[in-house]
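Note on naming: letters A, B, ... go to the chains in the order of the sequence lines (proteins, then strands), and numbering restarts at 1 for each one. Since the model is a prediction, treat every value here as computed from it, not as a measurement.
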Amino acid sequence: MSDSPLPHASALHEPVLHWYAGNARSLPWREPDAGAWAVMVSEFMLQQTPVARVLPAYRVWMERWPKPADLAAEPPGEAVRAWDRLGYPRRALRLHAAAKAIVDQHGGVVPDDHAALLALPGVGTYTAAAIASFAYGQRHAVVDTNVRRVFARALTGSAQPSISPTAADQRLAVTALPEDERTAARWAVATMELGALVCTARSPRCAECPIRSRCAWVLAGSPPYDGPPRKGQTYEGTDRQVRGRLLAVLRAAAGPVPKADLDACWPEQAQRERALDGLVADGLVDPLPRQRYQLPG
DNA sequence: GACGCGTGGTA
DNA sequence: TTACCAAGCGT
């Protein structure tokens, strides 16, 4: 995204906030009594995983571990097991580590300070801003892929945002932020929701969009994407697939698993060994004596 | 900045 | 069917 002449983002505030008031989804982590831990758990799970797949795992998780201290008291392997098939299971490990840090350093309360949040394992720029904004009502630019896409279209006039987040994206989001703190917090969640429900990546529902009459991309005739090709992520045959299979076996087992059971899930030995070593190096798997393995204790 | 990291739904 | 996409993070 370029950072020059911007349509005044302030003209978008009222229509987007009004749209959100009537169209926001009811999600458990948005309930008034949800709390910061609920927001934090949802944000970890939603990193690269769609809402529909997060919902059941989220409910089980919060029922079992309603506070950070509840999770911190368990071995990390239990977090990995409860992560189920959400994908990227290192997030489960990081959420567990973050819960321990919250207990050790913040009295068991999710911190409300942006810098303190950023220091937690698995919390990056986006997640720190999201927790501070959604859970504590603070004024932060909350820049995820939805927001980058909405701003790319509405303000910059391009069909898609840059392939990876840029400093310009961040600056644009900061510039567009309403001054008032509470309004800024609603704007953050509203722009994200607009990107998730209307201003979608593939087939945007422009007819339903509250800012279509002010959208730079629509006003330019909705030109197609003309940037460099996006990096297609292959999966079949990758180490990621092998890791996924190995971990699925370990999640399903109540206790230690003989190596033979792991050997059965992938034919090529070299890749299998590499994947298993990687899981051990990542702390997702504990090696035991006598060629056995289990989730980390 | 590019890359590795899971999984499944959708067009 | 293949390819893209989904509330990123850490190295």
Exercise for the section: Would you please confirm or rule out a distance under 4.0 Å between OP1 or OP2 of dG6(B) and any side-chain N or O of R85(A)? Expected result: no

Handout entry: Below 4.0 Å: OP1/OP2 of dA7(C) and any side-chain N or O of Q47(A)
Key =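 Checking Q47(A) against dA7(C): no side-chain N or O falls below 4.0 Å of OP1 or OP2.
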
Practice task
Classify the side-chain pair R149(A)/T200(A) by whether it contains a donor and acceptor separated by less than 3.5 Å.
Solution key: no

Exercise for the section: Give a yes-or-no answer on whether the side chains of N23(A) and E193(A) include a donor-acceptor pair shorter than 3.5 Å. Expected result: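 No, because no side-chain N or O of N23(A) sits under 3.5 Å from a partner of the opposite role on E193(A).
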
Practice task
Indicate, with a heavy-atom threshold strictly under 4.0 Å, whether V123(A) touches base, sugar-phosphate, or nothing.
Solution key: sugar-phosphate

Exercise for the section: Just call it for L86(A): base, sugar-phosphate, or nothing, with non-hydrogen atoms closer than 4.0 Å on any strand. Expected result: base

Problem - Presence of donor-acceptor pair under 3.5 Å, side chain of T125(A) and base of dG8(C) - result: no

Exercise for the section: Please list all pairs passing the side-chain hydrogen bond (donor to acceptor under 3.5 Å, both in side chains) test where one or both residues lie in residues 202-213 of chain A, with sequence neighbours left out. Expected result: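 Qualifying pairs: none.
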
With a 4.0 Å cut-off, would you call [X] and [Y] a salt bridge?
X: D263(A); Y: R272(A); answer: yes
X: D180(A); Y: R139(A); answer: no
X: E78(A); Y: R251(A); answer: no

Exercise for the section: Establish whether V174(A) and V143(A) are linked, either directly or via other cluster members, by ILVMFWY side-chain heavy-atom contacts under 4.5 Å. Expected result: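 No, no single cluster joins them.
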
Would you tabulate the nitrogen or oxygen pairs shorter than 3.5 Å linking the protein to nucleotides 9-11 of chain B?
unit_1, atom_1, unit_2, atom_2, d
dG9(B), N2, R202(A), NH2, 3.3

Could you list all N or O pairs between the protein and nucleotides 1-4 of chain B that sit under 3.5 Å apart?
unit_1, atom_1, unit_2, atom_2, d
dC3(B), OP2, K231(A), NZ, 3.4

